Protein chains: 2
Amino acid sequence: MVDVARHAGVSIKTVSRVINNEPNVQRQLAERVLASVAELGFRRNHLARTLRSGQSTATIGLIIEDLANPFYSTIAAVAAEVARQHETLLITASSEEDPQREQQLLRDLCSRRVDGLLIVPAGYDHAFLRPEVEMGTPVVFLDRPAGGLLADTVLLDNRGGAQAGVRALLERGHQRIGILLDSVSVYTMRERVGGAQEALASAGIAYDERLVADGVHDPEGAAAAVARMLTAPTPPTAFFSLNNRITVGVLQELWRRKSRVEVVGFDDFELSHLMPQRFTVVAYDTRQMARTAADLLFQRIAGERSWPRTVTLPTALVERGLS
Amino acid sequence: MVDVARHAGVSIKTVSRVINNEPNVQRQLAERVLASVAELGFRRNHLARTLRSGQSTATIGLIIEDLANPFYSTIAAVAAEVARQHETLLITASSEEDPQREQQLLRDLCSRRVDGLLIVPAGYDHAFLRPEVEMGTPVVFLDRPAGGLLADTVLLDNRGGAQAGVRALLERGHQRIGILLDSVSVYTMRERVGGAQEALASAGIAYDERLVADGVHDPEGAAAAVARMLTAPTPPTAFFSLNNRITVGVLQELWRRKSRVEVVGFDDFELSHLMPQRFTVVAYDTRQMARTAADLLFQRIAGERSWPRTVTLPTALVERGLS
DNA sequence: ATGAAAGCGCTAACAG
DNA sequence: CTGTTAGCGCTTTCAT
């Protein structure tokens with residue numbers, strides 16, 4: 001900037017004024033400065049600008065589990081979109097479900113003085129963020145609640161969705177429903193299992209452990225679990241799958257066996273309408289969830305000081321697959 | 001940092017030394033500093049640290065077309081992964097195929113002094129980046145070549161892949177092959193069309209404009225184009241689709257018509273193995289492409305000064321779908 | 001082994 | 001309208 005000032009024969013402050021489109025600069029000078037800027041290939045150092053306290057970095061941070069997963073990349077896309085509307089850039093990082101790493105990344109983002117944080121939490125304890133929050137960095141949690149920290153949170157109605165899904169199967173006369181889930185160590189899974197249990201209980205059906213497969217982490221695992229259950233003495237007449245990766249594995253295994261056992265799966269997914277059998281998904285609007293969270297965050301960044309809110313978004317049953 | 005120094009009763013420089021794990025600090029003092037850091041909730045300002053010239057920001061920038069698209073989110077995920085191995089964070093932004101916006105974002109990233117740039121270019125002219133490149137910001141282009149700028153580039157063998165795809169159909173006896181593409185304004189589409197034409201030409205088959213559908217931007221458009229071609233006087237006996245969104249639309253329309261016309265499509269996609277008919281994809285390794293580009297970028301960041309390279313990655317034909 | 005002082009590139013506050 | 005000066009929070013000399 002000093003170079004530009006010298007080149008244009010003005011003071012550094014005038015350059016600053018021109019760069020920032022401040023009023024009260026003679027046209028003539030401004031043009032000279034702009035010319036020098038172009039000639040010298042000057043680009044303002046945004047970091048230095050930010051250093052003066054009270055300035056914003058025009059950057060927000062997003063922590064998700066896995067950027068390659070469509071659910072999370074949708075969230076990232078919406079976050080980037082909303083950020084852009086606020087002339088802000090987005091730093092995205094994946095925690096890979098590792099609380100340790102999540103904390104590390106969060107600290108790193110804070111040391112970069114991001115204007116705000118959007119978090120799909122992997123860990124259970126976010127108390128370590130309290131100093132940052134108190135120092136004025138807004139934080140919004142997404143898809144899962146925070147631990148040990150009061151903050152805005154946007155969740156899905158996992159419990160209600162699971163209840164509706166199981167109820168649909170019960171209404172179609174099913175009594176033996178196989179339930180497949182990833183891991184109860186994940187909040188959303190716990191909620192969904194809870195909802196399923198509630199629906200069974202209120203229909204007066206006992207929760208049969210043999211009809212529950214835990215630790216199903218991928219489609220292959222789901223296929224194996226389905227095969228196991230279907231060859232057991234009293235096989236289920238329907239499956240309730242607790243996420244879309246599992247649903248895909250279930251459908252694949254059913255197709256392989258030419259079985260037409262009914263399926264309800266939590267989460268919609270791309271191409272679900274082209275799957276080889278009719279089934280039902282518990283759907284929701286991922287973009288809306290992300291948008292709600294991002295909007296909340298920017299409201300906070302803009303100075304909103306109200307008490308932290310928790311928003312719960314609805315789910316809906318939708319028919320999918322080729323009939 | 002001044003506060004910490006005062007609290008610990010040492011100089012600011014000692015705090016700096018402790019924070020940076022520099023040697024030559026008494027255990028005792030170091031512990032006192034660490035205690036103060038914890039108590040005051042101090043977090044080093046990474047931006048200020050970076051301000052001293054010669055320091056790196058430990059941040060790279062990635063420009064893609066659309067973060068919500070699995071192809072790009074895979075690239076972003078790999079970029080973030082490689083970045084993490086270098087203790088670097090990733091700023092991701094979508095250009096939405098808008099050269100204007102791409103340029104704006106790139107300038108913005110440069111003003112944040114990123115250590116390097118990974119670009120899937122939307123525009124045709126990247127000469128405006130030359131000053132930055134000369135000032136030492138490495139740039140690697142991905143999936144499409146740069147315009148007006150010599151830089152490392154990682155591409156796919158679009159031409160060869162398309163040739164192989166069309167050749168496969170010709171070998172199965174097809175003479176009338178319907179070709180569906182998005183827009184020749186996109187580099188990859190031009191290359192793929194070129195490859196298809198070459199394969200037809202070397203088989204002595206004239207390129208029939210009526211068998212080519214341009215401007216197919218989504219599955220619905222693809223379905224409509226397929227419907228149109230199949231009800232024309234001399235319908236094609238096979239389709240070659242130039243991207244996976246189009247392929248999905250083609251498959252859906254064929255299923256609707258209970259037609260078993262053969263299909264070859266460029267790009268593999270998730271769940272392609274569960275599509276309702278056999279078909280062939282021109283597949284490639286997106287992760288490898290992204291990894292190659294990111295590795296190249298970090299080599300440059302580490303000081304590699306060799307002449308810019310262009311790497312072209314191979315494609316392979318793979319059978320997909322339920323038989 | 002520790003500290004004092006200068007300076008990174010910019011903006012805020014105040015003069016002229 | 002324009003310029004001077006003092007910092008922002010940290011690291012890098014260079015003394016001690």
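Just so we're on the same page: letters track the sequence lines, and every chain starts at 1. Predicted, not measured: the structure shown is a model, and the values here were computed from it.
Taking CD of A:Glu22 as the reference point, atom OG1 of A:Thr14 lies at 10.0 Å (rounded to 0.5 Å). Between atom OG1 of residue B:Thr88 and atom CG of residue B:Leu297 there is a gap of 9.5 Å, rounded to the nearest 0.5 Å. Here A:Tyr124 contributes atom OH and A:Ser185 contributes atom OG; the two are 4.5 Å apart, rounded to the nearest 0.5 Å. Distance check: B:Ile75 CD1 to B:Leu118 CG gives 8.5 Å after rounding to the nearest 0.5 Å.
At a non-hydrogen distance threshold of 4.0 Å, nothing from residues 32-46 of chain A comes into contact with DNA chain D. Of the residues in residues 9-26 of chain B, those lying under 4.0 Å from DNA chain C by heavy-atom distance are B:Val10, B:Ser11, B:Lys13, B:Thr14, B:Arg17, B:Asn24, B:Val25, B:Gln26.
B:Thr188 and B:Asn158 are not linked by any side-chain donor-acceptor pair at a separation below 3.5 angstrom, with hydrogens and angles left out of the test.
Scanning for side chain to side chain donor-acceptor pair (under 3.5 Å) contacts around A:Arg113 gives an empty result, with sequence neighbours left out. Scanning for side chain to side chain donor-acceptor pair (under 3.5 Å) contacts around B:Asp182 gives B:His217, with sequence neighbours left out. In terms of the ring-ring contact (aromatic ring centres under 6.0 Å, His included) criterion, residue partners of A:Phe298 (sequence neighbours excluded) are, by chain and number, A:His86. Not counting sequence neighbours, A:Asp143 has no partner by the side chain to side chain donor-acceptor pair (under 3.5 Å) test.
Among the heavy atoms of the strands lying under 4.0 Å from A:Leu29 are primed sugar atoms or P, OP1, OP2 only; no base atom is included. Using a 4.0 Å heavy-atom cutoff across all strands shown, A:Arg52 reaches at least one base atom of the nucleic acid.
Reading DNA chain D from its 5' end, the first and the last nucleotide to sit under 4.0 Å from a heavy atom of chain A are D:dC1 to D:dG9. Using a 4.0 Å cutoff to heavy atoms of chain B, the contacted part of DNA chain C runs 5' to 3' from C:dA1 to C:dG9.
The backbone N or O of A:Pro70 sits less than 3.5 Å from a side-chain atom of A:Ser73, completing a donor-acceptor pair. The main-chain N or O of A:Thr57 is found under 3.5 Å from a side-chain atom of A:Asp115 such that the two form a donor-acceptor pair.
The side chain to side chain donor-acceptor pair (under 3.5 Å) contacts involving residues 127-139 of chain B comprise A:Arg43-B:Glu132, where partners must be two or more places apart or lie in separate chains.
The shortest distance between side-chain heavy atoms of A:Phe141 and A:Ile119 falls below 4.5 Å.
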Residues 303-313 of chain A side chain polar contacts: donor-acceptor under 3.5 Å, at least two apart:
residue: A:Glu304; atom: OE2; partner: A:Ser306; partner atom: OG; Å: 2.7
residue: A:Arg309; atom: NH2; partner: A:Gln299; partner atom: OE1; Å: 3.4

Show which side-chain atoms of residues 101-108 of chain A pair as donor or acceptor with protein atoms under 3.5 Å away, not counting sequence neighbours.
residue: A:Arg101; atom: NE; partner: A:Ser94; partner atom: O; Å: 3.3
residue: A:Arg101; atom: NH2; partner: A:Ser94; partner atom: O; Å: 3.1
residue: A:Glu102; atom: OE1; partner: A:Gly123; partner atom: N; Å: 2.9
residue: A:Glu102; atom: OE1; partner: A:His126; partner atom: NE2; Å: 3.3
residue: A:Glu102; atom: OE2; partner: A:Ala122; partner atom: N; Å: 2.8
residue: A:Asp108; atom: OD1; partner: A:Arg112; partner atom: NH1; Å: 2.6

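In this structure, the helix from C:dA1-D:dT16 to C:dG16-D:dC1 shows an angle of 40° between the axis at its start and the axis at its end, each fitted on 5 base pairs and rounded to 10°.
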